[in-house]
Amino acid sequence: MNGNNILSQLNDSQRAAVQEVAGPVMVIAGAGSGKTRVLTYRIAYMLEQGIVPWRILALTFTNKAAREMTERIQKLIGDGRAKAVQMGTFHSVFLRILRTEAEKIGFSRSLTVYDTDDSKSLLRNIIKEMNLDPKIYVVNFILNRISAAKSNLLSDEDYARNTEAKQYDKECGKPLVSEIFTRYNKRMHNANAMDFDDILYYMNVLLRDHPDMLFKYQNRFQYVLVDEYQDTNFAQYMIIKKIAASHHNICVVGDDAQSIYGFRGADINNILNFKRDYPEAKLIKLEQNYRSTQNIVNAANAVIKNNNKQIPKKVWTENEEGTPISVLQSGTENDEAAAVCDSIFEVEHNYHVDYNDIAILYRTNMQSRALEEMLMKRHIPYRIYGGVSFYARKEIKDVLAYCRLAVNHYDEESLRRVINYPLRGIGDTTVERVVACANEHNARVWDVIENPVFFEVPVNGPTKEKLMDFANKIKSFTALLATKDAYEMGKHIVFASGIAAALKADPSDKDRMDNVEELLDAMKDFSENAEEPTFNDDTGEVIENFTPTLDRFLESVALLTDADEKDSEEEHKVKLMTIHAAKGLEFDYVYITGLEENLFPSAMSIGSRRELEEERRLFYVAITRAKKVLTITHAQTRYRFGSMQFCEPSRFLDEIPLSCQKTLRKASSGKGLFSGKSGAGEVYSGKTFVPKSKLPAKPKPDFSASSVGRIATPPEIVPGLRIYHLKFGYGTVSKIDGTGEDRKAVVNFETLGEKVLLLKFAKLIIPKDGGKK
DNA sequence: ATGGAGACCTTTTTT
DNA sequence: AGGTCTCCAT
């Protein structure tokens, strides 16, 4: 296909975005406006114009996006140049560069990437070694602080000097965060390891401190493209800015309305301020939505309108009006799941919709449980994306720890993980002494293990032997690296490490062994089929003969994310995932569940306008995933922390215009499809949904929705008990009548007087505070 | 060293 | 509620 053909398939703004190859360009791509199309066509167009593929740096949000884009470009231009474009996530592209330049920043080529679990584990060890109280020095908090610092390009030394940061930590009762940070970095460095944030941080260091490197990569990457620019953080922003500084051929694509990674340091100002950085920048807006019905587009627009900071744009569509959006309310989370399942059943049955075109979205991973149970019960095939990833499983991490150790002996977390697994008589005490010894001599743990006699580890002779045996075993693996591919190494390690024997010894570990074999399959696939290009360090040209070595496998696995999971098109399964995971995807039928205050928007974000706006953008992303039919659900009660909690409908529901909603649709309740009864849980939605502002004042002003109490079980309900009812407010049980199904309670309500309630239906809540005023 | 009972904590979202 | 971690008994 030639350049003109490529252009003929685009609308005016899309074509402009494709053709503006030189100079700074910002493309604001509304949801469903054909952003991916523009990106792929743009790169294809550039290649057709004769631009050398390895001079193009294209940064995507996930590896999967990069892979798909490469394929599509390849189809467009019909040759192999697409593969030579340097395309991938920030982390994968720059990790590769850091590896080749490792010595310049004090690392070696065999460096390991620590995942979040590794980082946390190291932090736990440090906190323990410093004799700090882990209840005060909460690992998550510390890691967030360190991560935020690195994302803002603060070193541990900068942090130690930063009075604001130290003041904050002091106020949080954790004055030693800075000290932990310093130790953490030192240990990372000793382990020849980087965490995710380090990759971006050290890339900045490389460009900052080594003018030759800056020159090299500015020169290499003559054209820079960034997808999902609204989700870049400061460290990423600076890398791009530096690389593009000499030529200004930078094209960023994004949508400020879809910025949903602020919690991880993404700075929406990067996109809002692009014009300031490049005054000569061209701004192109893609506003026509090709994805969704008018109802969906209108609802999304109406919701996002409530946010303040925005790049003005009007997303519109020529698509048909479509089905109104249904809002379903149900009694409990199980009722909600049943309502969703009912609807899916109906749609599949009556309209023969493929399960594959249906997605259920939620704010938090934990919400998948009730949905999963109900789907299983109804025999609806499904697949959950996200949650505990395959590579986070214990047995997988164990195998990978051996692999990582074989490549990088200094990988301390891996070493600690498997030094006594399978059991070889090196207990915690020994490990502690070894680590203490290493710290004392300013040596690495591996050095001590390799030579316990020299370092005079305070353990007995046989234990020293065991340490050396372990080191020798790892060294025997290392010796094979040069001649074996990833799969051969993996197979060897699984057996020679003793992991296979340990797992087979216990029949209850059958699943784990299966997982290990799945890992071996993945290694085999990698060894046989991987097409990871290898680039020439100096020119950036692609070197054809890729060798699928173990370290390359580990690298590819370290930066895998759930979003990268192989797409199982034609799997005919309903997809379940968080809204974050759904970013960039689209489905004919979408269910957004759990639209409740304190859940969506999340309780953590309700306090601040900024975070609330991010939640709203998240809702916007969720709505705009739907192509044809959108259903939104919420429940009145939900189990949280083991107790039943009352849930108010989300404020976001009020923001959907009634004109886009379906009228009077009855939600399922209780047993779902075949249950007509719903008692106190009887609810409607659509136009009958009363905006919160019109609800009668709550009986108690200090009423906090998340902490009402729990639902009473019938035997607990006795005369004299003070209870709370969702509709009627507070009251006291005055009498119990009848038996079994017919058991009734006479309740004297504060505001409404006496009522008789059938216990079978009434959800009486025992207030947490005992019902005192 | 191993396993079981109980305490305890959790819930944002993820590269 | 359920999973993880800790501590104690074996």
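Each chain gets a letter, A, B and so on, in the order the sequences are listed, and its residues count up from 1. The figures that follow rest on heavy atoms only: side chains count, while hydrogens, waters and symmetry mates do not.
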Residue closer to the 5' end of DNA chain B, A:Asp197 versus A:Gly425 (nearest nucleotide): A:Gly425
Given DNA chain B, 5'-ward residue of the pair A:Ile260 and A:Phe641, judged by closest heavy atom: A:Phe641
Gap in Å between the two P atoms, one belonging to B:dT13 and one to C:dT4, rounded: 15 Å
Pairwise P distance, C:dT6 and B:dT11 [rounded to whole Å]: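 Comparing P positions in B:dT11 and C:dT6 gives a spacing of 16 Å.
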Heavy atoms from C-beta onward define the side chain here; which of [options] lies closest to that of [X]?
| X | options | result |
| --- | --- | --- |
| A:Met366 | B:dA1, B:dT15, B:dT11 | B:dT11 |
| A:Thr364 | B:dA1, B:dT14, B:dT13 | B:dT13 |
| A:Thr116 | B:dT12, C:dG2, B:dT15 | B:dT15 |
| A:Ala581 | B:dT13, B:dT14, B:dA1 | B:dT14 |
| A:His580 | B:dT13, B:dT15, B:dT12 | B:dT13 |

Write down the distance between [atom1] ([X]) and [atom2] ([N]), rounded to a whole number of angstrom.
| X | N | atom1 | atom2 | answer |
| --- | --- | --- | --- | --- |
| A:Gln645 | B:dT10 | CD | P | 14 Å |
| A:Ile136 | B:dC9 | CD1 | P | 13 Å |
| A:Arg616 | B:dT12 | CZ | C1' | 17 Å |
| A:Met604 | B:dT14 | CE | C1' | 15 Å |
| A:Phe619 | B:dT12 | CZ | C1' | 17 Å |
| A:Tyr421 | B:dT2 | OH | P | 11 Å |
| A:Asn125 | C:dC5 | CG | P | 13 Å |
| A:Glu373 | C:dG2 | CD | P | 8 Å |

Ring-face cation contact, A:Phe390 with A:Arg393, 6.0 Å cut, 45° max: no
Any base atoms under 4.0 Å from [X], or only sugar-phosphate, or nothing? Heavy atoms, all strands.
| X | value |
| --- | --- |
| A:Tyr261 | sugar-phosphate |
| A:Ser605 | nothing |
| A:Tyr639 | nothing |
| A:Leu423 | sugar-phosphate |

Check ion pair A:Lys397-A:Asp118 (N to O, under 4.0 angstrom): yes
Heavy-atom neighbours of A:Arg208 CZ exceed 12 at 6.0 Å: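 More than 12 heavy atoms, drawn from other residues, nucleotides or ligands, come within 6.0 Å of this atom.
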side-chain N/O A:Asn365 vs B:dT14 OP1/OP2, d < 4.0 Å: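 A:Asn365 to B:dT14 OP1/OP2: side-chain N or O found under 4.0 Å.
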A:Arg617 and its side chain to side chain contact (heavy atoms under 4.5 Å, CB included) partner, picked from A:Asp255, A:Ile268, A:Val303: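 Testing each of A:Asp255, A:Ile268, A:Val303 against A:Arg617, the sole residue satisfying side chain to side chain contact (heavy atoms under 4.5 Å, CB included) is A:Ile268.
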Matching residue for A:Ile199 among A:Leu95, A:Ile97, A:Leu111, A:Thr89 - test: side chain to side chain contact (heavy atoms under 4.5 Å, CB included): A:Leu95
Test ring-ring contact (aromatic ring centres under 6.0 Å, His included) applied to A:Tyr261 and A:Phe61, step by step: CA-CA 11 Å; A:Tyr261 282 94; A:Phe61 198 68; 5.1 Å; yes
